[in-house]
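Right, one structure below, let's go through it.
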Amino acid sequence: MSNLTRRQVMKAGIGASAMFAAPPAWSAEPTPSLRKIAADKGLIYGVATSSGRLAEDPKYAQLVATQAGMLVAEGETKRGSLEPKRGHLNFDGANKILRFAKANGQKMRGHTLVWHIGNPEWLVDALEKKPDEDLLVGYIDKVCTKFKGQFHSWDVVNEAVDLNQGHPDGLRTDSIWYKAFGDRYIDMAFHAARAADPSALLCLNDGNTEADAWWGEDMRVGSLKVLDKLLSRNVPIDIFGMEAHLKVYKADYSDKMISDFMDELIARGLKILITEFDVADIRGPADAVQRDADVAALTRRFLDVAFSKPEVLGCLNWGITDRYSWLSSYPDYKWSDGQFSRGLPFDENYKPKPMFNAMVAAYKAK
Ligand code: G3I
């Protein structure tokens, strides 16, 4: 339950109804709180969210307030949102989420300072015309300074690895940042972030390192190659972020492979954070009960491996309810009949699913 006073709610800029909504009617027993269960074990549990949903959907806001110990903006701390016009930083959305987090005693993390996606058009044009370092380090300096001391961690560089683009170390070369500055753009970004906010943990975040498939193997090999180069140059990376967008009917998963990869990261002195966890159920059986069971079983397996490592800090879901999941809108993952994907712990009516129970059990088993 939220501990907010009405004044705190007003200060947080969130509609009062959002914070004082009655408990959902479906709940005969109080739903356990993942944030509390995780905290009891010294682990993070968090979710990706948006200021609009928090303000407009009281039931959703209550779910986020009661379940999440950490928030990350699904879009509002990306460059396209923060600097839609050159030189005009707009922190409105990010500020609203941060206020909500503070009001509810939640931590917040940033996603993402540097990515080849989610950038404003003006930036793409400007980098092509004249690769001015200030477009990279100047931006990071301003944004990290703005949130200095207030963010647990930043995804400094996102999805920089692609073993199949011809780079000897496995770097993605089709990124505007690589094209502008070459290999050193990652060094520049991490050093700028560390200088601007020394207390934030700095994360290199990437996806698809979990699958037992050729593309999963490529991502594991590529990530380690990239990390080895960066760490040999003393680039200040604290965390490897494993996105963990699992796909229960599109890929196999091997506990040993995941465990071995985590051990490789740990051997390099890194912490690990599961940053965007969800489980796509596309291509599964028509029976949603069966799909929920399969999603839950994979969830439990994956988190059991992760939480067996002391260096794993915890897990964030990329959303919390199937009502608001990117899996329901992206072509590769959405159901063509319009039904919601079932890849998050709460269904579209905010009812906990077997995945939620699997997460509770995995955190408790730590
Ligand atoms: O806000 C505009 C809206 O005004 C417009 O009408 C609408 C029309 O398409 O687009 C809206 O913006 C969309 C935005 O999400 C907000 O919903 C963008 O088109 C869409 O590209 C954007 O997608 C996000 C995507 O990253 C790209 O930024 C997804 O929500 C978000 O879930 C996804 O998250 C990524 C992580 O950042 C990195 N890892 C993978 C993960 C999933 O793809």
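Count residues from 1 along the sequence. Basis for what follows: all heavy atoms, side chains included, without hydrogens, waters or symmetry-related copies. We count ligands from 1, going down the list as the structure has it; atoms in each ligand are counted the same way.
Counting non-hydrogen atoms of other residues, nucleotides and ligands closer than 6.0 Å to NZ of K229 gives a total of 12 or fewer.
Judged by a 6.0 Å distance limit and a 45° cone about the ring axis, R291 is positioned over the six-membered ring of W335. Y139 carries R79 over the face of its six-membered ring, with the cationic atom under 6.0 Å from the centre and within 45° of the normal.
For ligand 1 and H245, the ligand atoms under 4.0 Å from any heavy atom of the residue are 40 (C), 41 (C). The distance from ligand 1 to the heavy atoms of N158 drops below 4.0 Å at these ligand atoms: 38 (C). Ligand 1 places these atoms under 4.0 Å from at least one heavy atom of E243: 38 (C), 39 (N), 40 (C).
Residue, atom and distance of the protein heavy atom nearest to atom 33 (C) of ligand 1 are K78 NZ, 3.6 Å. Atom 41 (C) of ligand 1 has as its closest protein heavy atom E276 OE1, 3.4 Å. With hydrogens left out, the protein atom closest to atom 36 (C) of ligand 1 is H111 NE2, 3.4 Å, a heavy atom. Scanning the protein for heavy atoms near atom 31 (C) of ligand 1, the closest one is E74 OE2, 3.4 Å. Atom 34 (O) of ligand 1 has its closest protein heavy atom at W318 NE1, 3.2 Å. Considering only non-hydrogen protein atoms, atom 22 (C) of ligand 1 sits nearest to Y330 OH, 4.3 Å.
Ring planes of F147 and F91: perpendicular class, angle over 60° (limits at 30 and 60°). Using the six-membered ring where Trp is involved, Y363 and F307 have ring planes that are tilted, between 30° and 60° apart. The aromatic rings of W326 and Y330 sit perpendicular, their planes meeting at an angle over 60°, well past the 30° parallel limit.
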Exercise for review: Tell me, with the steps shown, if T77 and T112 meet side chain to side chain contact (heavy atoms under 4.5 Å, CB included).
Suggested key: CA-CA 6 Å; T77 47; T112 168; over 6 Å; no
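Distance check for atom 26 (O) of ligand 1: a protein heavy atom is found below 4.0 Å. Counting protein heavy atoms under 4.0 angstrom from atom 18 (C) of ligand 1 gives zero. For atom 39 (N) of ligand 1, the nearest protein heavy atom lies under 4.0 Å away. Atom 8 (C) of ligand 1 lies below 4.0 Å from none of the non-hydrogen atoms of the protein. Less than 4.0 angstrom separates atom 2 (C) of ligand 1 from none of the non-hydrogen atoms of the protein. There is no protein heavy atom less than 4.0 angstrom from atom 11 (C) of ligand 1. Of the protein's heavy atoms, at least one falls inside 4.0 Å of atom 43 (O) of ligand 1. Distance screen at 4.0 Å: atom 15 (O) of ligand 1 has no protein heavy-atom neighbour inside the cut-off.
Inspection of the W215 and N164 side chains reveals no N or O donor paired with an N or O acceptor under 3.5 Å.
Taking the centre of each ring, Y350 and Y60 stay at or above the 6.0 Å mark.
Of the options R268, K256, K309, a salt bridge (charged side-chain N to carboxylate O under 4.0 Å, His left out) to D263 is made by K309 and by none of the others.
Remark: R323 does not engage D347 in a salt bridge, criterion side-chain N to carboxylate O under 4.0 Å.
Under 4.0 angstrom from ligand 1, there are no non-hydrogen atoms of N205.
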